[in-house]
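The next block holds one structure in the form of structure tokens; read it before the comments.
In this text, all values refer to a predicted model and were calculated from it rather than measured experimentally. This chain uses plain numbering: 1 for the first residue, then up along the sequence. Each ligand, and each atom within it, is numbered from 1 in the order the structure gives.
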Amino acid sequence: MSDTTNPVRDTVILGSGCAGLTAAIYAARSNLKPLVLEGHEPGGQLSITTLVENFPGWPEGVQGPELIENMKKQATRFGAELRMAHLSAVDLTTSPFTLTLGKDIVHTRSLIIASGASARWLGLPSEQALIGFGVSSCATCDGFFASGKEIAVIGGGDSAMEEALFLTRFATKVTIINRSENFRASKIMLERAIAHPQIEFLHNTLVEECLGVEEKDLKGLKLFDRKSGARWTLPVSFMFLGIGHTPNASAFKGQIDLDTDDYIKTEDNVFVTLMGERLPGIYACGDVQDRRYRQAITAAGSGCMAALEVEKFLEEHGR
Ligand SMILES: Cc1cc2nc3c(=O)[nH]c(=O)nc-3n(C[C@H](O)[C@H](O)[C@H](O)COP(=O)(O)OP(=O)(O)OC[C@H]3O[C@@H](n4cnc5c(N)ncnc54)[C@H](O)[C@@H]3O)c2cc1C
């Protein structure tokens with residue numbers, strides 16, 4: 001079934017997080033009537049967090065969902081169309097590009113990919129219930145809230161070591177919980193973490209449950225020692241996941257350049273390439289192309305850049 005009401009769109013934005021919604025505000029204000037596909041997580045990662053204290057313009061901080069809701073209102077006010085739809089397949093070989101959204105097909109002259117990168121979680125129901133209430137996947141974002149507290153970092157790679165070292169600025173004690181005997185972290189990062197007086201290690205240890213769901217406040221972690229079979233509780237008030245992110249770019253594999261971890265490769269921030277050649281009309285912004293900063297403000301910034309490039313591209317092509 002094709003989208004008969006609007007056969008060829010000027011621009012489609014994949015994702016309704018900070019990057020996608022900022023792109024939508026700019027594109028809508030340029031009268032491009034962008035279609036925003038909301039995907040499996042409408043509002044993106046900020047919609048599952050609580051207080052955001054580092055987004056400029058909110059001196060007292062703002063709740064993540066409120067910030068997103070305001071961005072949506074701002075985008076729709078200028079004519080952006082938000083649709084609850086998930087991209088299942090894409091054909092970028094011919095222009096206009098073809099996007100498959102389940103049973104629907106949408107054609108578009110330009111595309112902004114703002115599909116984010118999903119943090120990897122342990123997958124425990126208690127962990128999911130406590131996201132924003134002591135459980136976090138973003139040390140840069142939430143480290144400050146761990147001030148003066150004893151906390152845990154999950155993982156054994158470089159991201160876990162980096163997070164743990166960063167968090168020693170706030171927490172009184174950081175326990176790194178690694179499920180195996182060995183660490184994937186580089187020697188230098190591991191040595192730094194081992195040498196730090198505030199960091200302790202637990203090897204061969206699994207988190208079985210996050211405690212405090214009823215109180216909506218993390219109280220501790222129920223742990224299982226895989227070697228001895230012992231179970232005990234570690235009293236911590238924060239748990240940070242340091243087990244990596246998965247960029248939501250699988251639909252594009254083979255059609256655009258991805259790096260070894262499947263982040264979209266971009267040139268000059270937002271230009272998407274195939275075998276090193278820029279693909280006209282296709283741009284990526286936000287966490288799906290940013291393994292380094294992964295912040296709301298940087299995602300929003302690159303969303304703005306992508307929309308401005310779309311505007312330029314369409315103008316150059318007579319739209
Ligand atoms: C718990 C937590 C707390 C955080 N706190 C802060 C903070 O305090 N300050 C800060 O600056 N940053 C914070 N961050 C990071 C911030 O949320 C991200 O950097 C930002 O959301 C990235 O925006 P994005 O638009 O690139 O991607 P996302 O927010 O991940 O949005 C991606 C969008 O793409 C959609 N999508 C994905 N695949 C498809 C598909 N196939 N079809 C259609 N749509 C699709 C999703 O549904 C979603 O709407 C936090 C992150 C987390 C997880």
Checklist entry - Is the closest side-chain heavy-atom distance between Val310 and Tyr283 below 4.5 Å? => result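 In contact.
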
[atom] [closest protein heavy-atom partner, distance rounded to 0.1 Å]:
{"atom": "atom 39 (C) of ligand 1", "answer": "His86 CE1, 3.8 Å"}
{"atom": "atom 53 (C) of ligand 1", "answer": "Ser137 OG, 3.3 Å"}
{"atom": "atom 21 (O) of ligand 1", "answer": "Gln45 CB, 3.7 Å"}
{"atom": "atom 25 (O) of ligand 1", "answer": "Ala19 N, 2.9 Å"}
{"atom": "atom 15 (C) of ligand 1", "answer": "Arg294 O, 3.6 Å"}
{"atom": "atom 38 (N) of ligand 1", "answer": "His40 CE1, 3.6 Å"}
{"atom": "atom 3 (C) of ligand 1", "answer": "Thr49 OG1, 3.3 Å"}
{"atom": "atom 23 (O) of ligand 1", "answer": "Ala299 CB, 3.6 Å"}

Using a 4.0 Å cutoff against the non-hydrogen atoms of [X], which atoms of ligand 1 qualify?
{"X": "Gly286", "value": "26 (O)"}
{"X": "Leu87", "value": "40 (C), 41 (N), 42 (N), 43 (C)"}
{"X": "Gly116", "value": "27 (O), 30 (O), 32 (C)"}
{"X": "Ala114", "value": "32 (C), 33 (C), 34 (O)"}
{"X": "Leu14", "value": "40 (C), 42 (N), 43 (C), 44 (N)"}
{"X": "Leu37", "value": "44 (N)"}

Under 3.5 Å, is there a donor on one side chain and an acceptor on the other for [X] and [Y]?
{"X": "Asp158", "Y": "Ser186", "value": "yes"}
{"X": "Asn248", "Y": "Ser118", "value": "yes"}
{"X": "Ser30", "Y": "Glu311", "value": "yes"}
{"X": "Asp287", "Y": "Gln45", "value": "yes"}

So is there a nitrogen or oxygen of [X] less than 3.5 Å from a nitrogen or oxygen in ligand 1?
{"X": "Ser136", "result": "no"}
{"X": "Ala296", "result": "yes"}
{"X": "Asp287", "result": "yes"}
{"X": "Asn248", "result": "no"}
{"X": "Ile48", "result": "no"}
{"X": "Cys285", "result": "no"}
{"X": "Asp142", "result": "no"}
{"X": "Asn54", "result": "yes"}
{"X": "Gln295", "result": "yes"}

Checklist entry - Between the candidates Cys18, Ala85, Gly43, Cys141, which shows the shortest non-hydrogen contact distance to atom 7 (C) of ligand 1? => result Cys141

Next on the checklist: Quick test of your reading of the structure: of Gly15, Pro42, Ser115, whose heavy atom lies closest to atom 32 (C) of ligand 1?
Outcome noted: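 Minimum heavy-atom distance to atom 32 (C) of ligand 1 goes to Ser115.
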
Return yes when atom [atom1] of [X] has more than 12 non-hydrogen atoms of other residues, nucleotides or ligands closer than 6.0 Å, and no otherwise.
{"X": "Glu316", "atom1": "CD", "answer": "yes"}
{"X": "Phe238", "atom1": "CZ", "answer": "yes"}
{"X": "Arg278", "atom1": "CZ", "answer": "yes"}

Checklist entry - Distance from Leu167 atom CG to Arg169 atom CZ, nearest 0.5 Å? => result 9.0 Å

Checklist entry - Any idea which heavy atoms bring Lys227 and Asp225 closest together, and the distance? => result N-OD1, 2.8 Å

Next on the checklist: Under the criterion salt bridge (charged side-chain N to carboxylate O under 4.0 Å, His left out), I'd like the reasoning laid out for Asp261 against Arg291: C-alpha separation, chi angles, the key distance, then a yes or no.
Outcome noted: CA-CA 9 Å; Asp261 291 324; Arg291 58 159 68 242; 2.8 Å; yes

Item to check | same_hphob_cluster(Leu111, Leu101) at 4.5 Å side-chain heavy-atom cutoff | outcome: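 Linked, Leu111 and Leu101 end up in one cluster.
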
Item to check | Same apolar cluster (I L V M F W Y, side chains within < 4.5 Å links), Tyr26/Ile113 | outcome: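 Tyr26 does not cluster with Ile113.
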
Checklist entry - Is the Phe166 ring parallel, tilted or perpendicular to the Phe170 ring (thresholds 30°, 60°)? => result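 Perpendicular: the ring planes of Phe166 and Phe170 meet at over 60°.
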
Checklist entry - What do the steps show when you test His245 against Tyr263 for ring-ring contact (aromatic ring centres under 6.0 Å, His included), and what is the final call? => result CA-CA 10 Å; His245 289 76; Tyr263 281 89; 7.8 Å; no

